2 protein chains.
Amino acid sequence: MKKRVYDDACGTAHALELIGDRWALLIIRELLLGPKRFSDLRASLPGISANVLTQRLEELEASAIVVRRRLPPPGAVWVYELTPWGMEAEELVKATGRWAARSPSHDPSLPISVSSLIMSMRSMFAAERAGDLSGTVGLRFGEEEFVATVGGGQLTLVRGAANTADVVVSGSHEQLAAAIYGGVPLAKLEKAGALKIEGDRALLGRYIKLFSLPPKAPDAKALRAGP
Amino acid sequence: MKKRVYDDACGTAHALELIGDRWALLIIRELLLGPKRFSDLRASLPGISANVLTQRLEELEASAIVVRRRLPPPGAVWVYELTPWGMEAEELVKATGRWAARSPSHDPSLPISVSSLIMSMRSMFAAERAGDLSGTVGLRFGEEEFVATVGGGQLTLVRGAANTADVVVSGSHEQLAAAIYGGVPLAKLEKAGALKIEGDRALLGRYIKLFSLPPKAPDAKALRAGP
DNA sequence: CGGCATCCGGGAAGATACTG
DNA sequence: CAGTATCTTCCCGGATGCCG
């Protein structure tokens with residue numbers, strides 16, 4: 001977006017010039033949990049084409065939101081990583097997601113990426129429900145592993161080895177999403193073989209109750225009928 | 001954006017389908033301070049064309065973010081107004097603006113709309129600087145009047161009659177922006193006739209110190225030089 | 001395979017003129 | 001004042017291909 005400029009000193013307008021292009025904010029969302037390779041980004045953003053991803057990454061790099069870096073050997077592969085300031089966009093991403101979760105047209109049954117699910121937990125964590133709950137939960141979705149630490153009314157949720165946690169759940173992230181947001185009982189998913197749970201099952205049961213979708217706002221038809 | 005869909009249950013992706021189109025978030029920003037007519041919106045969004053504004057308003061109305069309403073007589077004019085859920089986008093707008101204010105490429109010397117300036121005060125209010133400051137400040141920019149109330153470490157800033165406040169500043173909103181964010185002394189602006197101040201000058205002086213731009217993040221060149 | 005350049009079709013955004 | 005109609009421009013997205 002070089003020529004289509006808002007010419008407005010407002011921070012919101014400037015933000016739109018930085019990340020208002022299609023896909024840009026979703027790329028940032030994917031990178032909030034750590035560096036990724038080009039093909040990882042492409043795989044987790046269904047529908048993006050390679051040239052658009054290339055262009056967005058160039059723009060984000062020029063804006064100092066993303067840096068392209070070569071990992072030290074072994075690996076020695078190029079990855080894209082958020083700058084510290086790029087990481088500060090987390091608040092923006094979470095505020096956006098929380099607001100949209102109330103949309104009357106939001107359809108939670110669509111496919112969801114692993115990063116989206118993790119970020120949704122960070123966004124939707126209800127501190128007041130945590131009480132004195134304390135413990136660690138490991139999440140394993142194929143190659144991707146995360147550790148959630150709950151304590152003192154806080155949640156930290158980062159990439160890490162899941163097997164050190166008090167309870168480890170593994171399987172499809174979509175199934176876990178169904179348990180958290182769709183109300184499907186964990187026991188049922190475990191019995192069906194959709195999820196594997198090792199360790200403190202009660203902790204996992206309490207953990208998934210820390211998240212829930214907010215009530216939906218009235219849609220346009222309801223507003224016309226009776227405001 | 002009907003066909004260009006992200007197909008993603010992530011709230012952030014859904015938000016982009018609702019307000020990811022060009023101009024949409026700026027229209028919301030303009031409406032956060034109250035209903036506006038079509039031509040008011042057009043005037044405060046420099047560069048938007050009528051057909052795009054029409055289309056955005058239709059989409060926002062279909063998404064239950066905006067309602068089109070006829071004001072009661074006298075007036076009896078059509079206005080666009082945020083729904084209660086649309087109003088909840090304020091947090092999103094403020095988070096966006098705060099993040100972008102740290103952009104190395106942000107140029108605060110561009111023109112700014114009245115709504116942007118008001119929203120920037122809401123965004124950038126530094127509660128820790130307020131201390132026990134208490135009082136009301138009236139802001140008058142042509143036909144538009146606002147009242148800022150500071151007290152208990154809180155700021156409320158809404159449309160209202162400015163003349164009831166402890167101090168009233170009137171003139172060009174761009175000049176006031178220069179005083180708040182550009183560090184131009186109020187006394188100088190008043191002497192030059194750019195601003196008129198009536199009432200408690202000291203209160204206004206303390207008031208404008210409640211806001212400031214955050215430090216800039218390093219730009220892409222600096223990151224390449226030494227991370 | 002990973003990353004990037006090029007070409008092309010469709011559609012959204014922008015500018016202008018015009019109407020009720 | 002509040003939009004519509006029309007035309008042009010340019011971005012998005014898909015396909016293909018080059019290069020390491």
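Note on naming: letters A, B, ... go to the chains in the order of the sequence lines (proteins, then strands), and numbering restarts at 1 for each one. As the structure is a computational prediction, the values presented were derived from the model and not from experiment.
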Think [X] has a side-chain N or O under 4.0 angstrom from the OP1 or OP2 of [N]?
X       : N      : value
B/Tyr80 : D/dG3  : yes
B/Gln55 : C/dA13 : yes
B/Arg22 : C/dG11 : no
B/Arg68 : D/dG3  : yes

[X] has an atom [atom1]; how far is it from atom [atom2] of [N], in whole Å?
X       : N      : atom1 : atom2 : result
A/Asp21 : C/dA12 : CG    : P     : 16 Å
B/Leu16 : D/dC12 : CG    : P     : 13 Å
A/Leu53 : D/dC11 : CG    : P     : 18 Å
B/Ile27 : D/dG3  : CD1   : C1'   : 14 Å
B/Trp23 : C/dG14 : CH2   : C1'   : 10 Å
A/Glu58 : C/dT6  : CD    : C1'   : 14 Å
B/Glu61 : D/dG3  : CD    : C1'   : 14 Å
B/Arg56 : D/dT4  : CZ    : P     : 14 Å

Close side-chain approach of [X] and [Y], heavy atoms under 4.5 Å:
X        : Y        : answer
B/Phe211 : B/Ser123 : no
B/Val114 : B/Phe146 : yes
B/Tyr207 : B/Val167 : no

Just do the side chain to side chain contact (heavy atoms under 4.5 Å, CB included) check on A/Ile48 and A/Leu26 with the steps written out, would you?
CA-CA 10 Å; A/Ile48 197 171; A/Leu26 298 184; over 6 Å; no

Assign A/Val77 to base, sugar-phosphate, or nothing according to its heavy-atom contacts below 4.0 angstrom with the strands shown.
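Touches nothing.
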
Measure the acute angle between the ring planes of A/Trp23 and B/Tyr6, then classify it against the limits of 30° and 60° as parallel, tilted or perpendicular.
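Because their plane-to-plane angle is over 60°, the rings of A/Trp23 and B/Tyr6 count as perpendicular.
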
Any ion pair linking A/Arg122 and A/Glu90 (charged N to carboxylate O, less than 4.0 Å)?
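Looking at A/Arg122 together with A/Glu90, the answer is yes, because their closest N to O distance falls below 4.0 Å.
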
Does a salt bridge link A/Arg69 with A/Glu81, judged by any charged N lying under 4.0 Å from a carboxylate O?
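Here A/Arg69 pairs with A/Glu81 in a salt bridge, since their nearest N and O are under 4.0 Å apart.
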
Contact list please: residues 28-51 of chain B against DNA chain C, heavy atoms, distance less than 4.0 Å, in numerical order.
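Of all residues in residues 28-51 of chain B, the ones placing a heavy atom under 4.0 Å from DNA chain C are B/Gly47, B/Ser49, B/Asn51.
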
